[in-house]
Structures are given as C-alpha cells and as structure tokens.
**Student:** 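Sharing a structure here in structure tokens format.
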There are 2 protein chains.
Amino acid sequence: MSKVIIDDVAARAGVSIKTVSRVMNNEPNVSERTRDRVLSAARELNYRPSLSARGLAGSRSYLIGLLYDNPSPAYLAEVQAGLLEACEASHYSLALHPCHHEDPGMPAAVSAALAQARLDGLIITPPVCNVPALMAAVEERGVPYAVISDEAGPSGIAVTIDESAAMRDLTEHVIGLGHTRIGFIAGHPDHKGAARRRDGFETAMKAHGLAIDPAMVVQGYFDFESGRHGARDLLSRTNPPSAIIAANDDMAAGALQVAHDKGLHIPTDLVIVGFDDSPLSRQVWPPLTTVRQPVADMAREAAARVIARLTGAAEPDNPANLAFPHELRLRQSSLGDT
Amino acid sequence: MSKVIIDDVAARAGVSIKTVSRVMNNEPNVSERTRDRVLSAARELNYRPSLSARGLAGSRSYLIGLLYDNPSPAYLAEVQAGLLEACEASHYSLALHPCHHEDPGMPAAVSAALAQARLDGLIITPPVCNVPALMAAVEERGVPYAVISDEAGPSGIAVTIDESAAMRDLTEHVIGLGHTRIGFIAGHPDHKGAARRRDGFETAMKAHGLAIDPAMVVQGYFDFESGRHGARDLLSRTNPPSAIIAANDDMAAGALQVAHDKGLHIPTDLVIVGFDDSPLSRQVWPPLTTVRQPVADMAREAAARVIARLTGAAEPDNPANLAFPHELRLRQSSLGDT
DNA sequence: GTGAAAGCGCTAACAA
DNA sequence: TTGTTAGCGCTTTCAC
C-alpha cells in the first residue's frame with residue numbers, strides 16, 4: 001500500500017509511465033479517455049508521486065518557503081493557515097524558515113538554504129521583506145516570491161492592505177470621539193508597515209487641524225512590553241493624552257495594562273485603540289477597538305500567485321500589487337458599554 | 001555557487017564520490033586525513049547535498065511532520081520553534097500537517113500523506129494524539145514518532161509534564177489562600193491532558209477535605225469563549241465560587257473578562273487562575289497566576305529523540321516517557337499587588 | 001579504507 | 001497522442 005510507483009499505475013492503466021507523468025502534471029496532449037483511465041488507476045492504487053523523485057528529475061521541489069522573523073504567534077498562525085490552504089490545493093508543501101532580520105549574514109544564509117532545499121517559491125513577511133540585502137539576494141536567485149507588504153522588488157508580488165489609510169480611518173474614529181490630544185505608540189522602526197501606519201496617523205491629525213506634539217509620539221517595537229513603556233511615558237507627561245493609538249494590538253494591550261494599574265477607567269478616563277484585530281484585542285478587558293486586516297486571505301493569495309507563476313498558469317489580470325480591504329472594529333476600549 | 005554537486009567536491013578533494021558521501025553522512029571507515037580533506041573541499045565550495053537526491057537514493061526525506069489540530073497560536077508557535085531548533089541541528093526540515101481530529105477520515109488521510117511525503121518522523125500534538133484510530137495508523141506505518149502528551153503507543157516517544165501534579169500544585173495554591181468554594185472550568189473533553197488536569201484539581205480538593213460540588217465544575221473547550229460561558233455559569237449560581245480555576249489560560253482570560261463586566265475586583269472579589277503560562281496570561285489585567293510548562297523544550301526534545309532513532313544514534317538511557325518539570329507562576333490574579 | 005557500478009522514481013528531450 | 005531513452009544527484013550494494 002505504501003510503495004505504489006509510477007510503473008504500477010502505468011501497468012494498470014495500460015499506458016507508458018510518461019503518459020502517467022503527463023496526466024499527473026496536467027500536461028496537454030493526452031486524450032480524455034487515456035487521462036481518465038490513468039486517473040482512476042492512480043486513485044485505485046492510491047498512488048502519490050514521490051516528491052524526491054519529482055524534485056530530482058524536474059528540478060522542482062514542490063516546496064514553498066516561508067521566511068519570517070519572530071512575528072507574533074497569532075500573526076504567524078494566520079499566515080501559515082492561509083499559505084497551507086493554497087499549498088494544499090496545488091500539492092505544494094510549506095517549509096518554515098525563521099531568521100533574524102538584523103543578522104548581516106542572514107541574506108547569504110537564506111540564499112544558501114534556497115539553493116540546498118531548492119525551494120520553488122518564497123513568501124516573505126515583514127520585517128524580513130524590508131531588508132534590502134535580502135531582497136536583492138532573492139531577486140538575484142530568480143525565485144518567484146511574494147511579500148506580505150506593500151512593496152516588492154521588480155519580479156515580486158506584493159500583497160497588503162493600505163496600512164496608511166487604515167490608520168487614518170482609525171485615527172479619524174478617535175478624533176470623531178472628540179479627542180484632540182492623542183498619543184501615538186509607533187511600531188518597530190525596521191517595519192515599513194510601521195512607517196505607513198504612522199503616516200496615516202499624522203495625515204488624519206493634520207487633516208483635522210490637530211498639531212502633532214512630538215511629546216505625544218513614542219517609539220515602540222510591536223511587542224507588549226514596548227506598549228507598556230510607551231504608555232507609561234505618555235501618561236507621565238505633564239499634559240497627558242486623553243486617547244492612545246498603538247500601532248498594533250500587542251502594544252495597545254500593554255498600554256491597557258498600564259492604564260489599569262494607574263486606576264484609569266477605559267474608555268472614560270482614557271481611550272486606547274490598537275491595530276490588527278488579533279485574538280488578544282478581543283481577549284483583554286475592555287476589548288480593543290482595532291483594525292482588521294485579512295491576514296489569512298492575504299497569505300493565501302500570496303501563495304496562490306506564486307504557485308501560479310510556478311505552474312505557468314495564466315497570470316491573473318490584477319496587478320502584482322494586491323490591496324486587500326481593511327475594516328474598523330469598534331469595541332469598548334473606545335466606545336464604552338453603549 | 002548554486003550548482004555544486006557531489007562530483008565537484010570529490011574532484012576537489014581527490015577522492016571518489018562515495019567517499020564524499022561517507023563523510024557527509026558521518027559513516028565510519030574514512031581516515032581522518034581523508035575526512036578533513038573532504039570537509040574542507042565541501043566548505044570551500046559551499047556544498048550542500050541535494051535533499052531530493054538524498055531522499056530518492058536513500059529513501060529518506062529528511063522531513064519531520066508536525067500533526068496538529070487548531071491549537072492556540074501561542075502553543076503552535078512554541079512547538080514549532082522547539083521542533084525547528086532540533087531539526088536545523090540535524091539538517092531536517094519540518095512539514096506542517098494541520099488536520100481535524102474529529103474527522104473520521106483523518107487517520108486514513110494522514111496515512112496517505114505520510115506515504116506521499118515519505119515523512120521520516122512525526123510529532124503529534126493533542127488532541128490528535130488522543131485519537132486511537134490515528135495512533136493505530138501511525139504505529140502500523142512504522143514511522144518513528146513522538147507525542148507531546150503522556151501516553152504514546154508501544155513504539156512511540158512521549159514527552160510531557162505531569163499535568164495532574166501541576167494542577168494539584170495550582171489548586172493547592174488557591175486553597176492555601178483560604179478558598180473553599182472553588183469553581184473549575186474543565187478543558188476540552190477530547191484532550192487527555194484536560195482529564196489529567198481535572199484529576200489534579202479533584203485530588204487536591206479531596207486531600208484538603210474539600211467537597212467537589214458538581215455545580216462548581218463546568219465543561220469548557222480550551223477556548224476563550226468557553227471560558228466566558230463557564231464563568232458566567234459559575235458566577236450565576238446561588239452560591240458562587242470565590243475562586244475560579246480554568247484548565248488553561250485562554251479560558252481564564254474569558255473568565256476574567258466576565259468578572260470585569262460584572263464589576264468584580266480581581267483578586268479581592270474573585271481569584272482567577274489559568275494554566276500554560278501563555279503570553280496572554282501576562283497580557284491581561286491583572287496578569288494571571290498560572291502554571292508554566294516548557295513547551296519549546298519539550299518539542300525540541302521530542303524532535304531530537306525522533307531524529308536520534310532515524311539516524312540510529314544510541315538511544316539515550318532515559319525512558320521513552322519523558323517528564324519535564326512544571327513551575328507555578330504566581331501573579332496578581334491570585335495575589336493582588338503585594 | 002576506498003571505489004565502481006547499479007539503481008532510487010521521476011521528468012526532459014526526443015522519437016514514433 | 002503516445003512511447004523510448006537518458007539522466008537528475010545521491011546512496012546502496014559489492015568489489016578491491
């Protein structure tokens with residue numbers, strides 16, 4: 001049951017192994033009748049082509065690599081789920097490649113790993129896709145790839161939401177509640193997305209005639225602890241903010257904890273909002289107003305596009321830069337119990 | 001740089017390809033001098049054996065599969081991190097295999113996938129490893145495997161903490177705070193670990209002469225929402241508990257949210273504790289008292305053991321059942337600001 | 001201790 | 001539309 005090979009299928013279907021190969025790879029020039037015969041033979045024998053043999057002969061590995069650097073578990077899980085859906089649909093497998101984006105040797109190491117594992121395609125998440133040396137190495141290797149970000153190299157696919165617009169919407173929600181002194185905890189400086197979000201914040205503020213007080217903007221790193229630090233800084237100012245916008249949910253949760261420790265009531269004493277619609281945003285108290293981005297959908301599309309290039313499928317008409325919609329999620333951290 | 005093959009290394013080292021193969025696989029019967037020559041040639045050429053070719057010729061895939069069913073992202077990320085460490089150390093790769101543990105066709109599908117991908121080894125997490133039909137299929141295939149659980153089949157490796165003892169410790173902490181009416185939100189009925197935790201709770205209660213009121217035990221499913229439901233049930237009793245123990249942190253966080261909504265002050269009005277030391281337990285307010293289990297260490301060890309079997313390395317002396325230590329993490333949800 | 005030969009199961013290039 | 005012949009890069013015999 002375990003050792004069914006292409007010859008077995010060929011014998012049972014009464015054709016040559018090459019024909020079986022054609023059918024298994026959806027190649028043209030096979031009559032419908034033959035194709036059906038082969039397919040049923042394969043099904044009856046429970047035949048699955050050996051990945052190793054395919055890889056060796058065809059110099060394709062049927063592996064898509066996921067390159068990431070210590071993202072939040074929730075983000076990682078969602079990305080993986082989306083990628084796996086697309087991979088499974090096309091009989092590709094997913095290979096994980098954690099790395100450290102600040103390591104100067106990383107691009108070379110990734111390049112070597114690409115060569116060894118013969119990865120057919122690559123999906124790259126922030127902040128790794130914001131490392132120029134890495135992107136250059138990937139481009140040079142000529143591997144089809146996608147980034148979950150708004151900017152890919154010349155040959156790459158970019159899948160993203162409009163982070164600036166999303167943060168603008170979120171900021172306008174807060175402004176609409178009547179706040180004028182709004183604190184901002186920025187995201188990791190190595191993430192381009194963090195800069196986009198900050199842009200969105202500043203754009204919305206300016207659009208509403210609100211000055212951006214440098215004392216109201218603090219540096220964060222997308223992690224919970226930096227959210228705590230940022231909130232402590234903001235709230236210790238002589239003229240503290242009445243609302244805090246964090247560039248992601250983890251930091252917003254950190255800010256929330258600090259606020260609770262200080263005995264502040266959310267949202268009456270202080271409004272706090274996040275970004276990402278992570279599970280955490282729903283699990284803290286009160287639940288956080290945030291922005292949802294369809295990470296799993298984006299990841300699925302990224303993998304599907306890469307696989308389409310691999311299989312030579314007709315490129316969809318849409319541009320290589322795919323923008324997904326975002327959505328405001330209004331919750332009690334800004335609205336109260338209304 | 002990309003197309004270095006074994007012949008190149010052999011030529012440079014002045015030996016046959018078989019000798020290179022011997023060196024690359026740490027086989028015996030190679031003189032020190034030859035070994036060194038081959039190794040430096042390989043290093044200079046930046047040679048990496050092709051996984052496909054290795055797999056085809058040796059009928060090994062150098063792939064370890066991870067079989068899981070919708071665990072919490074934090075758990076999944078930690079397991080993956082541990083596995084990847086062990087895999088990278090031995091030049092194995094990790095293949096992800098999400099599945100649905102209640103799907104009756106799942107064991108057969110997994111078996112087929114095992115055959116296709118020629119996975120060399122398998123790591124199985126709860127609750128998948130608690131599905132008898134699956135475990136039977138895996139045993140039948142004869143693939144080396146490990147479960148992150150306390151019970152493996154005859155040929156398997158089990159890596160776990162003593163969940164019963166851990167929950168006993170946690171319960172005793174709560175009892176030690178003076179509570180006698182303690183609510184319990186049980187874990188998913190398909191998880192053996194959930195039953196172990198419940199045992200631990202009951203053992204501790206009995207040991208301290210406390211009756212287990214059936215009205216104080218509610219069914220949960222390890223997810224946030226079931227924690228909310230459970231807490232609502234418990235707190236709506238005519239004689240509600242003064243402390244709630246949840247079988248994991250996600251459910252404890254749900255209970256916490258319900259308590260906040262009811263205006264209860266934690267821990268003075270109600271003590272809430274969880275289990276797992278997930279990031280969430282630190283990110284809610286107040287932070288949750290919980291039990292830490294070294295998931296990444298356990299996963300690393302599981303993979304290392306499986307790989308050791310694969311490479312025929314001497315089996316460590318320790319038994320196949322490996323128990324890791326757990327640790328109580330006392331935080332404000334039971335202690336207050338002391 | 002080392003090497004030559006023979007595949008592993010597939011796909012690529014060419015024939016038929 | 002289908003089949004034949006060579007490999008892909010490595011490991012496995014089995015020889016020396």
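Protein chains get the first letters and strands the later ones, always in sequence-line order, with residue 1 at the start of each. The shown structure was predicted, so the numbers you read here are calculated from the model rather than taken from an experiment.
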**Student:** What about Phe222(B) and His191(B), are their ring centers closer than 6.0 Å?
**Tutor:**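 Close enough - the centres of the two rings lie under 6.0 Å apart.
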
**Student:** Rounding to a whole Å, what distance do you find between Tyr62(B):OH and dG9(D):C1'?
**Tutor:**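 Going from OH in Tyr62(B) over to C1' in dG9(D) covers 13 Å.
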
**Student:** Rounded to whole Å, please give me the gap between CG in Leu51(B) and C1' in dC8(D).
**Tutor:**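 Atom-to-atom, Leu51(B) to dC8(D), this comes out as 14 Å.
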
**Student:** Do NZ/NE/NH1/NH2 and the carboxylate oxygens of Arg300(A) and Asp297(A) come within less than 4.0 Å?
**Tutor:**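 Yes, Arg300(A) and Asp297(A) are salt-bridged.
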
**Student:** Give me the ring orientation class for Tyr92(B) and Tyr62(B): parallel if the planes are under 30° apart, tilted from 30 to 60°, perpendicular past 60°.
**Tutor:**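 Taking Tyr62(B) first and then Tyr92(B), their aromatic rings sit tilted (interplane angle of 30° to 60°).
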
**Student:** Expressed as a whole number of angstroms, how long is the span from Glu27(A):CD to dT11(C):C1'?
**Tutor:**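 So the CD-C1' distance, Glu27(A) to dT11(C), works out to 8 Å.
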
**Student:** Using the closest heavy atom to pick a nucleotide of DNA chain C for each, name whichever of Met24(A) or Pro28(B) lands nearer the 5' end.
**Tutor:**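 This one resolves to Pro28(B).
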
**Student:** Checking Glu27(B) now: which residues fulfil side chain to side chain contact (heavy atoms under 4.5 Å, CB included) with it, not counting sequence neighbours?
**Tutor:**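 Glu27(B) satisfies side chain to side chain contact (heavy atoms under 4.5 Å, CB included) with Lys18(B), Arg22(B), Asn25(B) once adjacent residues are dropped.
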
**Student:** Across nucleotides 3-10 of chain C, 5' to 3', mark each nucleotide with B, S or - according to how protein heavy atoms within less than 4.0 Å reach it.
**Tutor:** BB--BBBB

**Student:** Calculate the interatomic distance between His91(B) atom NE2 and dC10(D) atom P; express it in whole Å.
**Tutor:**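 Checked: the NE2 to P distance equals 14 Å.
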
**Student:** Keeping the roles fixed (side chain from Asp120(B), backbone from Ser61(B)), state whether a donor-acceptor pair exists under 3.5 Å.
**Tutor:**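 A pair under 3.5 Å: yes.
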
**Student:** Please give me the minimum heavy-atom distance between Ala74(A) and Pro73(B), naming the atom from each residue.
**Tutor:**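 Result for this residue pair: CA-CB, 3.8 Å.
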
